[in-house]
Amino acid sequence: MTADTQEVLVEPIVKQVLIIVGDATETVDTLYPYYRLVEAGMRPVVAGPERKLYQMVLHEVKPGWTITREWEGYSIFAEVAFRDIVPEDYAGILFSGGRAPEYLRYDEDLVRITKHFFAANKPIASVCHGVEIPAYAGCVKGRRMATVPKCRFDLEVCGGIFVDEPCVVDGNLVSGRTFHDNGHYIGPWIRLLEAT
């Protein structure tokens, strides 16, 4: 290098990926993909109704129970509120499970964001109750998805096709039933993100 030239260091562009949370988001549904994104060299951006700390939960059907039992898990900080999200800045999105999606789905900004990712054909992941968000947003008609069986109605009443498998890939949409499927559906979703 001569005195009249300068070396320019260019930082690589890191892909940002949204993780949608709220109070009662499932802990394992959320943290496993969060750290897999970090491992893949991407930046997970946790988003919620407000920029604040949210209480996650653990969901499991205990032996002898016929319904899911819920108790407190870790907390997670949402660094951006739905209303402040510019979806064009993000490579993909994850709709985590737990009870949160049942309440989050009515947020108009989240509906706007959700529709963007489907229309732009960006990589989308959904697990467990996460299906309730794209279903409410009118984005699942004709799409094959896995979800927890108790959300099958939410998917089908909105025109989606329920598939009881650990990983369902339908174009840009990758889904799993519960956190037990994390090792099956997260890898294909990350490969779609890497390819964009």
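Side-chain atoms are counted along with the backbone in the values below, which use heavy atoms only and exclude waters and symmetry mates.
- Atom CZ of Phe77 has more than 12 heavy atoms from other residues, nucleotides or ligands within 6.0 Å.
- Smallest separation of non-hydrogen atoms from Ile186 and Pro33: CD1-CB, 3.6 Å.
- The pair Arg191-Glu194 fails the salt-bridge criterion, with no side-chain N (NZ, NE, NH1 or NH2) lying under 4.0 Å from an Asp/Glu carboxylate O.
- Here the straight-line distance linking atom OH of Tyr74 with atom CG of Leu53 works out to 14.0 Å at 0.5 Å rounding.
- In this structure, the separation between OG on Ser96 and CZ on Phe179 is 11.5 Å, given to the nearest 0.5 Å.
- Remark: Phe95 CZ to Leu110 CG distance equals 6.0 Å, nearest 0.5 Å.
- For the atom pair CH2 of Trp71 and NE2 of His59, the computed distance is 9.0 Å after rounding to the nearest 0.5 Å.
- Within the structure, ring-ring contact (aromatic ring centres under 6.0 Å, His included) pairs that include any residue of residues 19-55 do not occur (at least two apart or interchain).
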Verdict with reasoning, Val21 to Thr30, per side chain to side chain contact (heavy atoms under 4.5 Å, CB included)
CA-CA 8 Å; Val21 305; Thr30 306; 3.9 Å; yes
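- Taking both residues in full, the closest heavy atoms of Ala125 and Tyr185 are given as CB-CE1, 4.1 Å, listed atom of the first, atom of the second, then distance.
- Once rounded to the nearest 0.5 Å, the distance linking CG of Leu104 with CZ of Arg99 reads 11.5 Å.
- None of Leu94, Ile124, Val46, Ile93 except one satisfies the side chain to side chain contact (heavy atoms under 4.5 Å, CB included) rule with Leu18; the exception is Ile93.
- The closest side-chain heavy-atom distance from Val148 to His180 is not below 4.5 Å.
- Side-chain heavy atoms closer than 4.5 Å link hydrophobic residues (I, L, V, M, F, W, Y) into clusters, and following such links, possibly through other members, connects Leu155 to Phe118.
- Ser75 places no side-chain N or O within 3.5 Å of a backbone atom of Gln55 that could act as its donor or acceptor partner.
- For Lys115, the NZ atom counts as loosely surrounded, since its 6.0 Å shell holds 12 or fewer non-hydrogen atoms of other residues, nucleotides or ligands.
- Pairing each heavy atom of Ala91 with each of Pro123, the nearest pair is O-CD, 3.2 Å.
- Between the side chain of Glu60 and the main chain of Lys62, no donor-acceptor pair closer than 3.5 Å is present.
- Closest non-hydrogen pair, Glu165 versus Val168, comes out as CB-CG2, 4.2 Å.
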Decide side chain to side chain contact (heavy atoms under 4.5 Å, CB included) for Asn182 and Arg36; before the verdict, give the C-alpha distance in whole Å, the side-chain angles of both, and the deciding distance to 0.1 Å.
CA-CA 10 Å; Asn182 281 348; Arg36 285 294 311 278; over 6 Å; no
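- The backbone N or O of Val127 lies less than 3.5 Å from no partner atom in the side chain of Ser175, so there is not a single donor-acceptor pair.
- Across every non-hydrogen atom of Cys167 and Val174, the tightest pair is SG-CG1, 4.2 Å.
- Side-chain contact between His116 and Lys122 is present, with heavy atoms from C-beta onward closer than 4.5 Å.
- The nearest pair of heavy atoms linking Gly48 to Ala78 is N-CB, 3.5 Å.
- Here the side chains of Ile190 and Glu39 are not in contact, with every heavy-atom distance at 4.5 Å or above.
- The backbone N or O of Glu79 lies less than 3.5 Å from a partner atom in the side chain of Arg51, making a donor-acceptor pair.
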Residues 129-143 side chain polar contacts: donor-acceptor under 3.5 Å, at least two apart:
residue, atom, partner, partner atom, Å
Glu132, OE1, Glu102, N, 3.1
Arg143, NH2, Asp170, O, 2.6
Arg143, NH2, Asn172, OD1, 2.9

Please determine whether side chain to side chain contact (heavy atoms under 4.5 Å, CB included) holds for the pair Leu193 and Leu37, giving the CA-CA distance in whole Å, both sets of side-chain angles, and the decisive distance to 0.1 Å.
CA-CA 9 Å; Leu193 287 164; Leu37 288 167; 3.7 Å; yes
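- Cluster membership check: Val169 shares its hydrophobic cluster with Trp189, using side-chain heavy-atom separations under 4.5 Å among Ile, Leu, Val, Met, Phe, Trp and Tyr.
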Using the side chain to side chain contact (heavy atoms under 4.5 Å, CB included) rule, take Glu108 and Arg83 through it: C-alpha gap first, then chi angles, then the decisive distance, then the call.
CA-CA 9 Å; Glu108 292 178 10; Arg83 68 179 164 273; over 6 Å; no
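- Under the 4.5 Å side-chain heavy-atom criterion for grouping Ile, Leu, Val, Met, Phe, Trp and Tyr, Phe82 is connected to Val45 within one hydrophobic cluster.
- Between Asp107 and Ile113, the closest side-chain pair of non-hydrogen atoms is not below 4.5 Å.
- Residues that satisfy the side chain to side chain contact (heavy atoms under 4.5 Å, CB included) test with Pro166, not counting sequence neighbours, are Arg177, Asp181, His184.
- Expressed to the nearest 0.5 Å, how far CZ of Arg152 lies from CE of Met145 amounts to 14.0 Å.
- Counting heavy atoms of neighbouring residues, nucleotides and ligands inside a 6.0 Å radius, atom CZ of Arg144 does not exceed 12 of them.
- Tracing side-chain contacts under 4.5 Å through hydrophobic residues (I, L, V, M, F, W, Y), one never reaches Val38 starting from Val80; they form parts of separate clusters.
- Taking 4.5 Å as the limit, every side-chain heavy atom of Thr114 sits out of range of all side-chain heavy atoms of Arg105.
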